[in-house]
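Okay, so here's the structure we're looking at.
Throughout, a chain's letter reflects where its sequence line sits, starting with A, and its residues are numbered from 1.
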There are 2 protein chains.
Amino acid sequence: MYEKKNPKDLSCGIGVTLEIIGGKWKPCLINSIHKGIHRPSELARQNPTASKRVLSLQLKELEEHGVIRKVIYPVLPPKVEYFLTGLGESLLPIVDLMETWGEDVLAKGVVVKKNR
Amino acid sequence: MYEKKNPKDLSCGIGVTLEIIGGKWKPCLINSIHKGIHRPSELARQNPTASKRVLSLQLKELEEHGVIRKVIYPVLPPKVEYFLTGLGESLLPIVDLMETWGEDVLAKGVVVKKNR
DNA sequence: GGATATAGGGGCAAAATTTTCACTATGACA
DNA sequence: TGTCATAGTGAAAATTTTGCCCCTATATCC
């Protein structure tokens, strides 16, 4: 982990929200967990473009922020499951809107800028 | 500008949404413009922690994505105003939720992790 | 003349985030 | 034995985002 040099902007609500779900895959993770995908390996299979590493990191951050809860089963091979906490569930309206808004834009064929 | 090397994930709606409002200040900008702050200099004063440069860049991207509309007045000194398009307004529910969710979390004193 | 405000661009560097790859450890399976 | 799946970490590199500083041009005001 590295030191943050620039202060987070926690003055406005949006800043706070971004601090918590701002990661590239965090909204997807919340979404997937809500849909019943609980194990890390399954989450990784769901998002093949995400590196295993980031998923791991972002899951950890979500847990540290109290958005998800981690259950470790003392088995071998390892088994872990993640669940939304109350705080996590309170994020669902936002995540759902993001999901449907994006689908909508896709469906309507509104142009999304390509990579340059 | 630089070449993007990593493909954007536009497979899921969330990916698309993040592509458009994923910038650090974009939700804030949308919010501010909606609240009647239209000129760049005012927007900059509203978010003192953001550098002029980034605001400029993100406004440009929002415009390229069709979220906001730019009006240039042929005056001196220059005058410019930004307005939400229909697409931009369709984002308001998301932005509003982000705003209120964050405020709520702040008010309830739920711990937000500090800089490390 | 000189300072200020306006909107924005360029170059460059710093910071932040993400990717890649190697590695731990163990039970099950062929 | 060798391989696979499991969950996760560490170091280092690549990529993306942001910040800083200087520059243009002009009208207004002191």
Side-chain angles (χ1 to χ4, degrees), chain A residues 1-9 15 18-29 33 37-64 68-82 113-116, chain B residues 1-9 15 18-29 33 37-64 68-82 113-116:
Chain A
M1 222 34 91
Y2 42 74
E3 289 287 324
K4 295 267 172 77
K5 299 290 175 52
N6 296 329
K8 300 277 173 176
D9 180 14
L18 284 180
E19 166 69 11
I20 293 184
I21 61 168
K24 184 167 178 179
W25 300 98
K26 288 181 186 173
C28 290
L29 287 172
I33 292 176
I37 321 267
H38 298 293
R39 302 187 60 180
S41 52
E42 293 171 346
L43 290 167
R45 269 190 288 274
Q46 272 258 317
N47 313 45
T49 33
S51 69
K52 213 181 43 166
R53 186 93 164 82
V54 208
L55 292 184
S56 212
L57 287 177
Q58 307 217 339
L59 283 169
K60 190 196 289 185
E61 289 182 17
L62 286 175
E63 193 200 354
E64 288 173 347
I68 60 178
R69 184 167 44 87
K70 179 178 186 175
V71 178
I72 304 177
Y73 299 89
V75 225
L76 270 167
K79 176 174 179 181
V80 166
E81 287 187 325
Y82 291 99
K113 203 178 44 180
K114 298 289 199 323
N115 291 345
R116 274 162 301 165
Chain B
M1 220 34 90
Y2 42 75
E3 290 287 325
K4 293 267 171 79
K5 299 289 176 53
N6 295 330
K8 300 277 172 176
D9 181 14
L18 284 179
E19 167 68 11
I20 293 184
I21 62 167
K24 185 167 179 180
W25 300 99
K26 288 182 186 172
C28 289
L29 287 173
I33 293 175
I37 321 267
H38 298 293
R39 302 187 61 180
S41 53
E42 293 171 345
L43 290 166
R45 270 190 288 274
Q46 270 259 317
N47 313 47
T49 34
S51 71
K52 214 182 40 166
R53 183 100 164 78
V54 201
L55 290 184
S56 211
L57 287 176
Q58 307 217 340
L59 283 169
K60 190 195 288 182
E61 288 183 18
L62 286 174
E63 193 200 354
E64 287 173 348
I68 61 178
R69 185 167 43 88
K70 179 178 186 174
V71 177
I72 305 177
Y73 300 88
V75 223
L76 271 166
K79 174 173 179 182
V80 166
E81 287 188 325
Y82 291 99
K113 203 176 42 178
K114 300 287 201 319
N115 292 346
R116 270 165 301 165

To the nearest 0.5 Å, how far apart are [atom1] in [X] and [atom2] in [Y]?
{"X": "His38(A)", "Y": "Tyr82(A)", "atom1": "NE2", "atom2": "OH", "answer": "13.0 Å"}
{"X": "Arg39(B)", "Y": "Ile37(B)", "atom1": "CZ", "atom2": "CD1", "answer": "12.0 Å"}
{"X": "Leu29(B)", "Y": "Ile21(B)", "atom1": "CG", "atom2": "CD1", "answer": "12.0 Å"}
{"X": "Ile68(A)", "Y": "Lys60(A)", "atom1": "CD1", "atom2": "NZ", "answer": "12.0 Å"}

Does [X] have a side-chain nitrogen or oxygen under 4.0 Å from the phosphate oxygens OP1 or OP2 of [N]?
{"X": "Gln58(A)", "N": "dT18(C)", "value": "yes"}
{"X": "Arg39(A)", "N": "dT6(D)", "value": "no"}
{"X": "Ser41(A)", "N": "dT6(D)", "value": "yes"}
{"X": "Arg45(A)", "N": "dT6(D)", "value": "yes"}

What's the [atom1]-[atom2] distance between [X] and [N], to the nearest Å?
{"X": "Lys79(B)", "N": "dT28(D)", "atom1": "NZ", "atom2": "P", "value": "15 Å"}
{"X": "Tyr73(A)", "N": "dG8(D)", "atom1": "OH", "atom2": "P", "value": "13 Å"}
{"X": "Leu62(A)", "N": "dG8(D)", "atom1": "CG", "atom2": "C1'", "value": "16 Å"}
{"X": "Glu19(A)", "N": "dA16(C)", "atom1": "CD", "atom2": "P", "value": "12 Å"}
{"X": "Ile68(B)", "N": "dA7(C)", "atom1": "CD1", "atom2": "P", "value": "14 Å"}
{"X": "Ile37(B)", "N": "dT6(C)", "atom1": "CD1", "atom2": "C1'", "value": "17 Å"}
{"X": "Leu18(A)", "N": "dT17(D)", "atom1": "CG", "atom2": "P", "value": "14 Å"}
{"X": "Trp25(A)", "N": "dT16(D)", "atom1": "CH2", "atom2": "P", "value": "13 Å"}

Which donor-acceptor pairs under 3.5 Å do the side chains of residues 44-58 of chain A make with protein atoms, sequence neighbours left out?
residue  : atom : partner  : partner atom : Å
Gln46(A) : OE1  : Ser32(A) : OG           : 3.4
Ser51(A) : OG   : Val54(A) : N            : 3.4
Gln58(A) : OE1  : Trp25(A) : N            : 3.0
Gln58(A) : OE1  : Lys26(A) : N            : 3.2

Go through it in stages, so that I can follow the logic: the residues are Lys24(B) and Leu18(A), the test is side chain to side chain contact (heavy atoms under 4.5 Å, CB included), and I'd like the CA-CA distance, side-chain angles, deciding distance and then a yes or no.
CA-CA 8 Å; Lys24(B) 185 167 179 180; Leu18(A) 284 180; 5.7 Å; no

Which pairs, protein N/O on one side and nucleotides 1-4 of chain C N/O on the other, fall under 3.5 Å?
none

Taking for each residue the nucleotide of DNA chain C bearing the nearest heavy atom, is the 5' side occupied by Val54(A) or by Pro77(A)?
Val54(A)

Hey, are the side chains of Ile33(A) and Leu62(A) touching, using non-hydrogen atoms and a 4.5 Å cut-off?
no

What are the two closest heavy atoms between Lys79(B) and Glu81(B), and how far apart are they?
CE-OE2, 4.0 Å

With 3.5 Å as the limit, what N/O pairs link the protein to nucleotides 8-12 of chain C?
residue : atom : partner  : partner atom : Å
dG8(C)  : OP1  : Lys70(B) : NZ           : 2.7
dG8(C)  : OP1  : Tyr82(B) : OH           : 3.0
dG8(C)  : O6   : Lys52(B) : NZ           : 3.1
dG10(C) : O6   : Arg53(B) : NE           : 3.4
dG11(C) : O6   : Arg53(B) : NE           : 2.6
dG11(C) : O6   : Arg53(B) : NH2          : 3.4

